[in-house]
Amino acid sequence: MAFLEKIGWRYWVIGLIMGIVVSALVAWVGISPVWRFGGLLAVVNGCLAIGLGRAIYRRTQPGWWLIIWPVTYLIGAYLFLPQYTIYFAVVYLCLSYLSYGLTQTKKTVES
């Protein structure tokens, strides 16, 4: 169990479910491109990236865990979604890193 904690298994599970399973379901169900872009890619996945960045900092976990969600999303987008959606992996990485850094700055200012 210590090994699983060391590699951040919770973030891998969230990343696999949201990045690959949800991407596959969206492609198979046939959600319209507007809902797929606006609802799923921009709002839900963007909020997930921000939440994961904040959670990783607050729990004092390794910063490299920030790339778990964008990489699993990139795999899911490459396999199941239109080609333009793979660029969102960079956006999610930036959002995660930004929320991680801003949470860190906020804690430093409050101290």
Side-chain angles (χ1 to χ4, degrees):
M1 192 67 173
F3 173 73
L4 292 176
E5 290 295 328
K6 187 180 242 185
I7 63 167
W9 69 271
R10 290 178 183 96
Y11 298 105
W12 285 102
V13 169
I14 290 171
L16 289 172
I17 290 171
M18 291 298 295
I20 296 175
V21 175
V22 171
S23 297
L25 285 175
V26 166
W28 290 331
V29 171
I31 295 176
S32 74
V34 173
W35 280 104
R36 181 175 49 226
F37 176 79
L40 179 70
L41 298 177
V43 176
V44 174
N45 290 350
C47 290
L48 177 66
I50 293 169
L52 288 176
R54 293 177 58 112
I56 288 171
Y57 179 77
R58 287 187 178 166
R59 294 186 179 127
T60 60
Q61 296 165 330
W64 70 267
W65 288 3
L66 293 171
I67 65 168
I68 294 173
W69 157 239
V71 168
T72 56
Y73 170 78
L74 179 66
I75 294 168
Y78 181 76
L79 294 174
F80 302 109
L81 295 176
Q83 187 176 5
Y84 70 89
T85 59
I86 59 175
Y87 299 110
F88 278 96
V90 175
V91 172
Y92 300 145
L93 178 62
C94 292
L95 285 173
S96 295
Y97 184 71
L98 185 63
S99 66
Y100 179 85
L102 289 177
T103 303
Q104 185 175 6
T105 304
K106 184 178 177 185
K107 292 263 186 180
T108 305
V109 171
E110 290 176 359
S111 299

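Fair warning: this is a prediction, and the values are worked out from it, not measured in the lab. Sequential numbering from 1 along the given sequence is applied to the chain's residues.
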Inset, instruction - Quick one: pull up OH in Tyr100 and CD in Gln61 and give me the separation to the nearest 0.5 Å. - result: 9.5 Å

Inset, instruction - Consider only side-chain heavy atoms of I, L, V, M, F, W and Y, link residues closer than 4.5 Å, and tell whether Trp12 and Trp65 are in one cluster. - result: yes

Inset, instruction - Report yes if the side chains of Trp69 and Leu48 come closer than 4.5 Å at any heavy-atom pair, otherwise no. - result: yes

Legend entry - Hydrophobic cluster membership, Leu52 vs Val44, 4.5 Å side-chain cutoff: yes

Inset, instruction - Please examine the side chains of Met18 and Tyr73, heavy atoms only from C-beta on, and report whether any two atoms are closer than 4.5 Å. - result: no

Legend entry - Nearest-0.5 Å distance, CD1 of residue Ile68 to CG of residue Leu93: 12.0 Å

Legend entry - Ser96 backbone acceptor or donor facing Ser99 side chain under 3.5 Å: yes

Legend entry - 4.5 Å side-chain heavy-atom contact, Leu40 and Trp35: no

Inset, instruction - Check for a donor-acceptor pair, side chain of Tyr92 on one end and backbone N or O of Leu41 on the other, with a separation under 3.5 Å. - result: yes

Legend entry - Connected via hydrophobic side-chain network under 4.5 Å: Tyr97 and Ile14: yes

Inset, instruction - Report the relative orientation of the aromatic rings in Phe37 and Tyr84; use parallel for angles under 30°, tilted for 30 to 60°, perpendicular for over 60°. - result: tilted

Legend entry - Same apolar cluster (I L V M F W Y, side chains within < 4.5 Å links), Phe80/Val91: no

Legend entry - Gap separating the CD1 atom of Ile67 from the OG1 atom of Thr72, nearest 0.5 angstrom: 10.0 Å

Inset, instruction - Look up atom CD1 in Ile86 and atom CD1 in Ile75, then write down how far apart they are to the nearest 0.5 Å. - result: 12.5 Å

Inset, instruction - Determine whether Ile56 and Tyr11 make a side-chain contact, defined as any pair of heavy atoms from C-beta on separated by less than 4.5 Å. - result: yes

Legend entry - Residues Phe3, Trp9; criterion ring-ring contact (aromatic ring centres under 6.0 Å, His included); working and verdict: CA-CA 9 Å; Phe3 173 73; Trp9 69 271; over 10 Å; no

Legend entry - Test item: Leu66 and Tyr57 side chains (from C-beta on) under 4.5 Å apart, heavy atoms: no

Legend entry - Side chain proximity check, Phe88 to Asn45, heavy atoms < 4.5 angstrom: no

Legend entry - Short side-chain donor-acceptor distance under 3.5 Å, Tyr78 and Gln83: no

Inset, instruction - Return the minimal non-hydrogen interatomic distance between Ala49 and Leu95, and the atom names on each side. - result: CB-CB, 4.0 Å

Inset, instruction - Is it possible for you to say whether Val71 and Leu16 belong to one hydrophobic cluster, with membership spreading through side-chain heavy-atom contacts below 4.5 Å? - result: yes

Inset, instruction - Specify the closest pair of heavy atoms between Ala42 and Gly38, including all atoms of both residues, with the distance to one decimal. - result: CB-O, 3.5 Å

